[in-house]
Q: 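Let me give you the structure first, and then I'll get to my questions.
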Amino acid sequence: MKKIDFGQTISILANIGVIAGIVFLAIEIRQNSEALGVQARMERQNWRRAVIARTVDNPELGRALRKSQAGETLTPDERFLLDEEILFRIVNWEIVFNDVEAGLLDEEAIVLAGWRTVFHEQFPGMRAAWDRYKTGAAFSPEFVDFMEQEVVPP
């Protein structure tokens, strides 16, 4: 009859416990990553709704935007309002870009066709504002390069 080594049995059980702990930790990390992805997608959806609401909730912004799109002359207040809205949108684009670069969002979060439409069609003064903001607004060089390569060219 073989004698059971108590120390060896405890060591084996401890190793099994460590392995089980590592497996459990891996499952927890995966679930956390999935939850963070869901949260990031929800934040992007909320941001998109907020952008739409900004024009609806601010009739002055809507009027300034329509005047700009019609090629009408803007008052200094209207130009300021549109420039601030343009800066708001570009800052949000940089946030999305940074989240994609960090792996928090999938690349599909950068909707290039939509960004190009906003840049070239919805905001006639966006190119001029971008040229002013791209160096003075502390955008990262990576984001500026991305914009210059992917969004700014017609």
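Keep in mind it's a predicted model, so treat the numbers as computed, not measured.
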Q: When Ile, Leu, Val, Met, Phe, Trp and Tyr are grouped by side-chain heavy atoms lying under 4.5 Å apart, directly or through other members, which residues fall in the same group as V111?
A: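 Same cluster as V111: nobody, lone residue.
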Q: In chain order, what residues pass the side chain to side chain donor-acceptor pair (under 3.5 Å) check against R127, with sequence neighbours excluded?
A: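 If we apply the side chain to side chain donor-acceptor pair (under 3.5 Å) test to R127, skipping adjacent residues, the hits are D131.
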Q: Considering residues at least two apart in sequence or located in another chain, which fulfil the side-chain contact (heavy atoms from CB on, under 4.5 Å) criterion with I27?
A: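 By the side-chain contact (heavy atoms from CB on, under 4.5 Å) rule, I27 matches V23, Q31.
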Q: Would you say E94's side chain and S140's backbone share a donor-acceptor pair under 3.5 angstrom?
A: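 The answer is yes, because a donor-acceptor pair under 3.5 Å joins these two groups.
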Q: Could you work out, with ring pair (Phe, Tyr, Trp, His ring centres under 6.0 Å) as the rule, every residue matching F146, not counting sequence neighbours?
A: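 Counting only residues at least two positions away or on another chain, F146 forms a ring pair (Phe, Tyr, Trp, His ring centres under 6.0 Å) with F97.
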Q: Residues in salt bridge (charged side-chain N to carboxylate O under 4.0 Å, His left out) with E121, at least two apart?
A: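 Partners of E121 under the salt bridge (charged side-chain N to carboxylate O under 4.0 Å, His left out) test: none.
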Q: To the nearest 0.5 Å, what is the distance between CG (L74) and CZ (F80)?
A: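 If we round to the nearest 0.5 Å, L74:CG and F80:CZ are 14.0 Å apart.
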Q: Can you check whether G7's main-chain N or O pairs, donor with acceptor, with S11's side chain at less than 3.5 Å?
A: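 Side chain of S11 to backbone of G7, a donor-acceptor pair under 3.5 Å: no, none is there.
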Q: Taking only residues at least two apart or on different chains, which pairs with a member in residues 98-110 satisfy side chain to side chain donor-acceptor pair (under 3.5 Å)?
A: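 Residue pairs passing side chain to side chain donor-acceptor pair (under 3.5 Å), neighbours aside: none found.
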Q: What pairs with R63 under side-chain contact (heavy atoms from CB on, under 4.5 Å), at least two apart in sequence or on another chain?
A: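 Applying side-chain contact (heavy atoms from CB on, under 4.5 Å) to R63 gives P59, E60, R66.
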Q: Heavy atoms only: give me the nearest R79-G125 pair and the separation to one decimal.
A: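 Closest heavy-atom pair between R79 and G125: NH1-CA, 4.4 Å.
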Q: What distance do H120 atom NE2 and W115 atom CH2 have between them, rounded to the nearest 0.5 Å?
A: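 Interatomic distance, H120 NE2 to W115 CH2, rounded to 0.5 Å: 13.0 Å.
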Q: Decide whether F24 and I16 are clustered together by the hydrophobic rule: side chain heavy atoms of Ile, Leu, Val, Met, Phe, Trp, Tyr closer than 4.5 Å, transitively.
A: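 They do not share one cluster, since no chain of ILVMFWY contacts under 4.5 Å joins F24 to I16.
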Q: Atom CG of L81 and atom CG of N58: how far apart are they, to the nearest 0.5 Å?
A: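 The distance works out to 5.5 Å.
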Q: Sequence neighbours left out, cut at 3.5 Å: what donor-acceptor pairs do the side chains of residues 147-154 make with other protein atoms?
A:
from	atom 1	to	atom 2	distance (Å)
E148	OE2	W130	NE1	2.5
E148	OE2	K134	NZ	3.1

Q: Which residues pass the salt bridge (charged side-chain N to carboxylate O under 4.0 Å, His left out) test with R30, not counting sequence neighbours?
A: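 R30: salt bridge (charged side-chain N to carboxylate O under 4.0 Å, His left out) contacts with E34.
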Q: Evaluate side chain to side chain contact (heavy atoms under 4.5 Å, CB included) for F139 paired with V91, printing each intermediate quantity in order.
A: CA-CA 8 Å; F139 292 116; V91 165; 4.0 Å; yes
Q: Considering the options D83, T117, L82, which one meets the side-chain contact (heavy atoms from CB on, under 4.5 Å) requirement together with F123?
A: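 Among the candidates, only L82 passes.
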Q: How would you list, by chain and number, every residue that makes a salt bridge (charged side-chain N to carboxylate O under 4.0 Å, His left out) with E78, sequence neighbours excluded?
A: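 Expected list: K67.
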Q: In this structure, would I19 and L25 fall into the same cluster of hydrophobic residues linked by side-chain contacts under 4.5 Å?
A: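 Different clusters.
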Q: Should we say atom CD of E72 is surrounded by more than 12 heavy atoms from elsewhere, each under 6.0 Å from it?
A: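 Yes, enclosed.
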Q: Check V96 against A109 and note the closest heavy-atom contact, atom names and distance.
A: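 That would be CG1-O, 3.6 Å.
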Q: Using the test side-chain contact (heavy atoms from CB on, under 4.5 Å), find all partners of F88 that sit at least two apart in sequence or belong to another chain.
A: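 So F88 forms a side-chain contact (heavy atoms from CB on, under 4.5 Å) with W47, V51, R54, E85, N92.
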Q: Donor-acceptor check, side chain of Y133 to backbone of I90, threshold 3.5 angstrom: yes or no?
A: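 Not a single qualifying donor-acceptor pair exists.
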Q: I22: which other cluster members, linking ILVMFWY side chains closer than 4.5 Å, directly or transitively?
A: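 Joined to I22, directly or through intermediates: V18.
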